[in-house]
Amino acid sequence: MKANILVFVAVVIIAVSACQVRQEMLTFNNPTITIKDVNVINSLKGKVICYTINLYSPSSLSEFVATPEIAGANSSSSTKFEFSDHARRATVTYYYEVPAEVDSSEISVCFCLNNSLQEVNKMANPCLL
């Protein structure tokens, strides 16, 4: 009886592990960015946008870049987070202070992961949330 229970538990553990491996293998080494939460904080100096972002890479994370863009403006600055360990998953909190003279509907933020030149995710008009 105990042997049957142990075999059943082992089969369940193997099946769950196989499903997890299959799910990760389906990404085909594509880094993924998931925006979990966006909050707008109003202060005396203006608005601050707070992004909570989950990152995943099947190999390892190397860098995460956030570039805010303002419609009609020529210059933009970017923030870079570098990962030195062999992490495959991370949660990043990114804050962006909205300039006082800018309308919140003109802002979008581009997120890129692991030196990718391709835009992975774009969040338009975050202040309208």
Side-chain angles (χ1 to χ4, degrees):
M1 183 70 159
K2 287 184 181 181
N4 290 340
I5 293 174
L6 288 175
V7 169
F8 177 73
V9 170
V11 168
V12 169
I13 290 173
I14 291 171
V16 169
S17 299
C19 290
Q20 180 67 25
V21 168
R22 181 173 169 245
Q23 179 182 6
E24 290 182 3
M25 302 240 344
L26 289 176
T27 62
F28 298 110
N29 205 20
N30 292 329
T32 58
I33 297 174
T34 305
I35 299 175
K36 296 305 279 184
D37 194 21
V38 179
N39 291 314
V40 178
I41 303 167
N42 292 313
S43 68
L44 296 176
K45 295 183 179 181
K47 292 183 179 181
V48 177
I49 306 169
C50 174
Y51 294 93
T52 303
I53 305 164
N54 289 342
L55 308 174
Y56 171 74
S57 178
S59 54
S60 67
L61 298 172
S62 60
E63 73 177 14
F64 170 72
V65 179
T67 307
E69 298 172 356
I70 300 173
N74 292 334
S75 64
S76 64
S77 62
S78 61
T79 303
K80 183 190 293 188
F81 299 94
E82 293 185 3
F83 300 92
S84 59
D85 294 333
H86 299 287
R88 292 175 37 185
R89 299 178 194 278
T91 299
V92 174
T93 303
Y94 172 71
Y95 294 94
Y96 177 68
E97 184 177 343
V98 179
E101 65 276 358
V102 175
D103 182 19
S104 60
S105 64
E106 300 175 351
I107 298 172
S108 63
V109 180
C110 176
F111 300 108
C112 297
L113 183 60
N114 285 357
N115 300 320
S116 174
L117 298 176
Q118 182 180 5
E119 181 180 300
V120 177
N121 199 346
K122 190 164 191 167
M123 183 74 175
N125 302 331
C127 289
L128 299 177
L129 297 174

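Excluded from the calculations below are hydrogen atoms, water molecules and symmetry mates; all remaining heavy atoms, backbone and side chain alike, are included.
Between Phe64 and Lys80, the closest side-chain pair of non-hydrogen atoms is not below 4.5 Å.
Checking each of Phe111, Tyr95, Tyr96 against Tyr51 for a ring pair (Phe, Tyr, Trp, His ring centres under 6.0 Å) leaves exactly one that passes, namely Phe111.
By the rule that hydrophobic residues join a cluster once side-chain heavy atoms approach within less than 4.5 Å of another member, Val65 and Tyr94 end up as members of separate clusters.
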Mind running side-chain contact (heavy atoms from CB on, under 4.5 Å) on Glu63 and Phe81 for me, showing each step along the way? CA-CA 6 Å; Glu63 73 177 14; Phe81 299 94; over 6 Å; no

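Of all heavy-atom pairs spanning Ser60 and Arg88, the tightest one is CA-CG, 4.5 Å. Looking at every heavy atom in both residues, Ser77 comes nearest to Pro68 through O-CD, 2.9 Å.
Residue Ile41 holds its CD1 atom at 11.0 Å from CD of Glu97, rounded to the nearest 0.5 Å. Here Leu55 contributes atom CG and Thr91 contributes atom OG1; the two are 7.5 Å apart, rounded to the nearest 0.5 Å. Taken from CG in Asn54 to OG1 in Thr34, the straight-line distance is 6.0 Å, to the nearest 0.5 Å.
Proximity of a side-chain donor or acceptor of Asn114 to a complementary backbone N or O of Leu61 within less than 3.5 Å is not detected.
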